[in-house]
S.K.: 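Here's a structure for you.
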Amino acid sequence: MLDRGFLRRHFEEVKGRLAYRAPAGILDEFATADARRRAAVTEIQALQQRRNALSKRVGIARRAGKDALDIVKASREVHAEIREREASVQALDAALEDVLSRIPNVPHETVPAGRDATANVEISRWGKRPEFPFAPKPHWELGVELGIVDFERAAKIAGSRFAVYRNAGAKLERALMNFMLDVHTGEHGYAEILPPFIGNSRTLYGTGQLPKFAHDLFKLEGTDYWLIPTAEVPLTNLYAEETLAAADLPVSLTAFTPCFRSEAGSYGRDVRGVIRQHQFQKVELVKIVSPESSYQQLERLTADAEEILRRLGLPYRKVLLSSGDTGFSAAKTYDLEVWLPGLGEYKEISSCSNFEEFQARRAKIRFRRSIGRRVSPGYVHTLNGSGLAIGRTWLAIIENYQQADGTVVIPDALRSYLGAERIDASGSLA
RNA sequence: GGAGGAAUGGCCGAGUGGUUGAAGGCGGCGGUCUUGAAAACCGCAAGGCUCGAAAGGGUCUCGGGGGUUCGAAUCCCUCUUCCUCCGCCA
């Protein structure tokens, strides 16, 4: 959610910067809704002022022992008029909120303008892509052959876009969770959180999934509960409706959670393997920081995620998303894309974003800042990124570390977690 | 699931219908004193919205929502959360 005053004051500038992001005409819709609401608010406040003044006079008269029937009568009339107008003010309020909640965040000045992913900018590449003296297999072939992942039985239990992991496949998933959490908590200074995997509507609104993206979520029937699509939701909302002390910042949080996504509208995309699932596991990084430091913190958070890829020896590239490809709530996003030899392409494995005040305003996360001798509250900036998506890390390891004999070598960084050096042809650790 | 109790500003805690947006204490900030600090003393401090060039007004907010009343932190209804006791339970 953008600040309405800011929007009013920088109307034309914002209009230009949202060119590739906002639906056509929405800013003019805002201007109209805003003007109408302000006119109505000003009127009703004048009436309230009159009512308050009259009531005060009633009290004074009564204490002086006089009756005040005429004043009471006048006040009653004003009251009735206020009543009449309240509904329309509320409607105008709701209309303005609705428009505001549909306006995406303004991209940072360093974000390349562009309609879609073709305008993204590759920032860097790391690692050497493995060369195979044989045709590398995609993980959905190799994983099934090894018996470490089972899509057919998953479909029987739940449906398509689910996976059952078995033997070394399940242990690899668990090892990745522990490895990532250990690095982020032990070396990068994040506090480990184990949140609920369910959130209420207010929480999903706070991080921007509701109301616009309800169709991407799973809702629990007959309740106000939603399955979380990412740990970003509970972690960022941990401090919803709170005012933090400046000394509490930056807050750095990490959590392992499953993530649930309906993937409505993604039919036909990434249908094979574990790339796009209704449930996947992820270690998430969240930072709540002062506005001055947020872009520096974005670099750090991204580097924290990159560190996992480096330790696992997975080749990747870092991409700066264009304004059109950046998500609704984000002001700037780096994607980390891992090399997948079986697929023959780079695939997103982490998305690291600075949301500036956008989420903080929705979720009402503020902090007390000192400006000179004054102490005044302001909104924090929020950031998050995957550190990393475990399902995609899993498949990246299977594909990058596959051997000619059909076994998979375990990356050095994971050997102490698995107590093994490879996944043998039977899908067991060896 | 049943029966009671509670929710006030950064924190604690007064306040049961009329200049109470809210006493007092703690904490915070500024100052006096001091070589410096502490103590003591004095002073300053809520947020949203809105009008205004500004100075400064107005309005809303005492867990959320609704109601009664000329007027609500205070009375009524409802929801949420927390606490105590009983039941059930990993």
Side-chain angles (χ1 to χ4, degrees), chain A residues 1-9 30-101 194-206 210 220 222-226 234 237-249 251 288 290 357 360-380:
Chain A
M1 174 104 46
L2 295 171
D3 176 53
R4 58 188 72 174
F6 177 85
L7 220 41
R8 226 178 275 145
R9 288 190 300 275
F30 159 78
T32 308
D34 182 51
R36 290 180 62 192
R37 174 188 165 275
R38 279 191 292 154
V41 164
T42 305
E43 278 181 29
I44 204 168
Q45 286 184 355
L47 289 170
Q48 286 168 331
Q49 178 179 11
R50 244 186 102 211
R51 180 198 59 193
N52 290 347
L54 290 169
S55 295
K56 201 162 275 184
R57 281 172 56 199
V58 173
I60 292 166
R62 284 270 168 87
R63 249 174 307 167
K66 298 173 192 161
D67 93 80
L69 283 179
D70 52 333
I71 311 178
V72 169
K73 189 162 168 268
S75 180
R76 237 181 229 151
E77 280 166 20
V78 176
H79 186 94
E81 194 173 349
I82 291 172
R83 268 295 156 83
E84 269 174 43
R85 293 182 184 228
E86 258 170 3
S88 88
V89 170
Q90 270 175 25
L92 291 169
D93 255 333
L96 180 61
E97 286 292 312
D98 176 62
V99 177
L100 275 171
S101 74
L194 203 171
F197 303 159
I198 285 175
N200 57 32
S201 292
R202 198 215 53 182
T203 294
L204 276 297
Y205 176 85
L210 291 181
L220 299 187
T223 68
D224 185 41
Y225 291 153
W226 306 76
N237 280 290
L238 269 187
Y239 296 100
E241 282 161 56
E242 292 190 31
T243 303
L244 303 168
D248 294 338
L249 304 179
V251 173
I288 296 173
S290 66
E357 292 185 359
R361 183 170 286 111
R362 289 169 84 108
K364 300 191 176 71
I365 309 171
R366 301 189 295 172
F367 77 112
R368 229 170 295 284
R369 67 192 320 173
S370 306
I371 303 168
R373 63 181 59 170
R374 289 242 164 148
V375 179
S376 72
Y379 287 105
V380 298

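By convention in this document, chain letters (A, B, ...) are assigned in the order of the sequence lines, proteins followed by strands, and residues within each chain are numbered from 1. Values below: all heavy atoms of this structure, side chains included; hydrogens, waters and symmetry mates excluded.
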S.K.: What residues from residues 72-82 of chain A pass a heavy-atom cutoff of under 4.0 Å to RNA chain B?
M.R.: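 Heavy-atom contacts with RNA chain B come from A/Val72, A/Ser75, A/Arg76, A/His79.
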S.K.: Tell me which nucleotide among B/G48, B/G66, B/C49 gets nearest to the side chain of A/Arg366.
M.R.: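 Out of B/G48, B/G66, B/C49, the nucleotide with an atom closest to A/Arg366's side chain is B/G48.
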S.K.: For A/Arg57, look at atom CZ and say whether over 12 heavy atoms of other residues, nucleotides or ligands are found less than 6.0 Å away.
M.R.: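 Counting neighbours around CZ of A/Arg57, 12 or fewer heavy atoms of other residues, nucleotides or ligands fall under 6.0 Å, so no.
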S.K.: Searching all strands shown, indicate the nucleotide that pairs with B/U59 (Watson-Crick or G-U wobble; both distances under 3.5 Å).
M.R.: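 Across all strands, the one nucleotide that pairs with B/U59 is B/G48.
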S.K.: Holding to side-chain contact (heavy atoms from CB on, under 4.5 Å), I want the full list of residues that pass it with A/Val41, two or more places apart in sequence or in another chain.
M.R.: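 For A/Val41 the side-chain contact (heavy atoms from CB on, under 4.5 Å) partners, ignoring immediate neighbours, are A/Arg37, A/Gln45, A/Val89.
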S.K.: Using a 4.0 Å heavy-atom cut-off, write out nucleotides 57-63 of chain B from 5' to 3' as B (base contacted by protein), S (sugar-phosphate only) or - (no contact).
M.R.: -BSS---
S.K.: Quick check for you: among B/U50, B/C70, B/U68, whose closest atom lies nearest to any side-chain atom of A/Arg62?
M.R.: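 The listed nucleotide nearest to A/Arg62's side chain is B/C70.
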S.K.: What interatomic distance, in whole Å, is found between P of B/C12 and the corresponding atom of B/G67?
M.R.: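 After rounding to an integer number of Å, I get 31 Å for this pair.
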S.K.: Answer with base, sugar-phosphate or nothing: what part of the nucleic acid does A/Arg8 contact at a heavy-atom distance below 4.0 Å?
M.R.: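 Sugar-phosphate, backbone atoms only, no base.
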S.K.: Quantified in whole Å, what is the P atom distance between nucleotide B/A7 and nucleotide B/G87?
M.R.: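 Nearest-Å result for B/A7 against B/G87 at atom P: 28 Å.
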S.K.: From the options B/C70, B/U50, B/G67, select the nucleotide whose nearest atom is closest to the side chain of A/Arg83.
M.R.: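 Output: B/G67.
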S.K.: When you measure from the centre of the six-membered ring of A/Phe30, is the NZ or CZ of A/Arg4 under 6.0 Å away and within 45° of the axis?
M.R.: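 No, cation not above the ring by the 6.0 Å, 45° rule.
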S.K.: To the nearest Å, give me how far apart NZ (A/Lys56) and P (B/U19) are.
M.R.: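 Between P of B/U19 and NZ of A/Lys56: 8 Å.
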S.K.: One thing to verify: whether A/Asp34 and A/Arg8 come together as a salt bridge, which I'm taking to mean a side-chain N less than 4.0 angstrom from a carboxylate O.
M.R.: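 Yes, this pair counts.
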S.K.: Under 3.5 Å, is there a donor-acceptor pair between the A/Asn200 and A/Thr203 side chains?
M.R.: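 The criterion, which ignores hydrogens and geometry beyond distance, is satisfied for A/Thr203 and A/Asn200.
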